[in-house]
Amino acid sequence: MLLLYALAQFKNEKIERIAFNDAESVVGPLIQTYGPFNSTTSVTYPYARLANDKSEIWWIEEHEKNASDDLSLTEARNRNLKAGFSDDVLRHLRDNPKLIDLVAINLLERHFPPSLHPDILDAVGLYLGQDEIENVIRKKRDPRFRSIVLAAYYEQCAVCKYDIKMNGAAVALEAAHIQMHSAGGPDEVTNGLALCVIHHKLFDLGAMSVDKDMNVRVSERVVGDWGRKLNDEFHERPIALPRSTSMEPAPEYIHWHNEKIFKGFVR
Ligand SMILES: [Zn+2]
């Protein structure tokens, strides 16, 4: 997330050194939203630790280390410490501006489900050149995944049974990967769920999940009137199962989603 922010700063404003207080105000909340559940990761962690990486992509100003060998938050804030890409990386980015987009895509692909990519890019203020980049992403996926998953679930959202069609085609209904494609989740029906766009996004954000008994779980972090509605209507209720038991979500993918994505507790 910090790297994406740094890429955006470089692309938009030619800023090469990121001030800690700027990074903290933007990236801090994003780590809470998009990072793992119970993540205590403060921005100080990637801010300093990235510089230890052998690939030498990151640079940080000289600083003291605290007892756990990390940058202290107080020092980072008080000195408004600077960090950023290493000179080597900056040179490559200057020489080949297209690299910015390619690196960003790579980071997104590796760490976040596709439904969240636009939101994350928006949040860090990074706008990619579309055409060839979209092609790169599309080609890697099996185009049949969507139709197989939607057909398995009778073209209905597995959570709310939303099923609007226009001219015979399902709209705003998507085939979600349970285990992210980039984390090794296959394009198979047992790794898929038909979800409306809202429930797909909530699922990818970890606001909801499905447990091993095929019941919906809603995170206790979900609040608001609609959060209450979501919880009252769907929490601990069974999903709408696919047409055959052989198509049901496989336990290993569900386990992965419960462990890595869901921001709540599963039995
Ligand atoms: Zn739905």
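All ligand and atom numbering here is 1-based and tracks the order in the structure. The shown structure was predicted, so the numbers you read here are calculated from the model rather than taken from an experiment.
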Original post:
List-wise, which protein N, O or S atoms are found short of 2.8 Å from the Zn ion (ligand 1)?
Top reply: C157 SG, C160 SG, C196 SG, H199 ND1
Original post:
Do any pairs count as a side-chain hydrogen bond (donor to acceptor under 3.5 Å, both in side chains) and have a residue in residues 147-164, sequence neighbours left out, and if so which ones?
Top reply: none
What donor-acceptor contacts under 3.5 angstrom involve side-chain atoms of residues 13-30, with partners at least two apart or in another chain?
from: E16; atom 1: OE1; to: R94; atom 2: NH2; distance (Å): 3.3
from: E16; atom 1: OE2; to: R94; atom 2: NE; distance (Å): 3.0
from: E16; atom 1: OE2; to: R94; atom 2: NH2; distance (Å): 3.2
from: R17; atom 1: NH1; to: F85; atom 2: O; distance (Å): 2.8
from: R17; atom 1: NH2; to: D87; atom 2: OD1; distance (Å): 3.1
from: N21; atom 1: ND2; to: R77; atom 2: O; distance (Å): 3.3
from: N21; atom 1: ND2; to: N80; atom 2: OD1; distance (Å): 3.3
from: E24; atom 1: OE1; to: R77; atom 2: NE; distance (Å): 3.0
from: E24; atom 1: OE2; to: R77; atom 2: NE; distance (Å): 3.2
from: E24; atom 1: OE2; to: R77; atom 2: NH2; distance (Å): 2.7
from: S25; atom 1: OG; to: N21; atom 2: O; distance (Å): 3.4
from: S25; atom 1: OG; to: D22; atom 2: O; distance (Å): 3.0

Original post:
With side chains defined as the heavy atoms from C-beta onward, is the minimum distance between P249 and V210 less than 4.5 Å?
Top reply: no
**OP:** Could you tell me if the ring centre of Y34 sits under 6.0 Å from that of H111?
**Re:** no
**OP:** Identify, with sequence neighbours excluded, every residue that meets ring-ring contact (aromatic ring centres under 6.0 Å, His included) alongside F234.
**Re:** H199
**OP:** Decide, yes or no, whether a salt bridge links D101 with K11 under the criterion of side-chain N to carboxylate O below 4.0 Å.
**Re:** yes
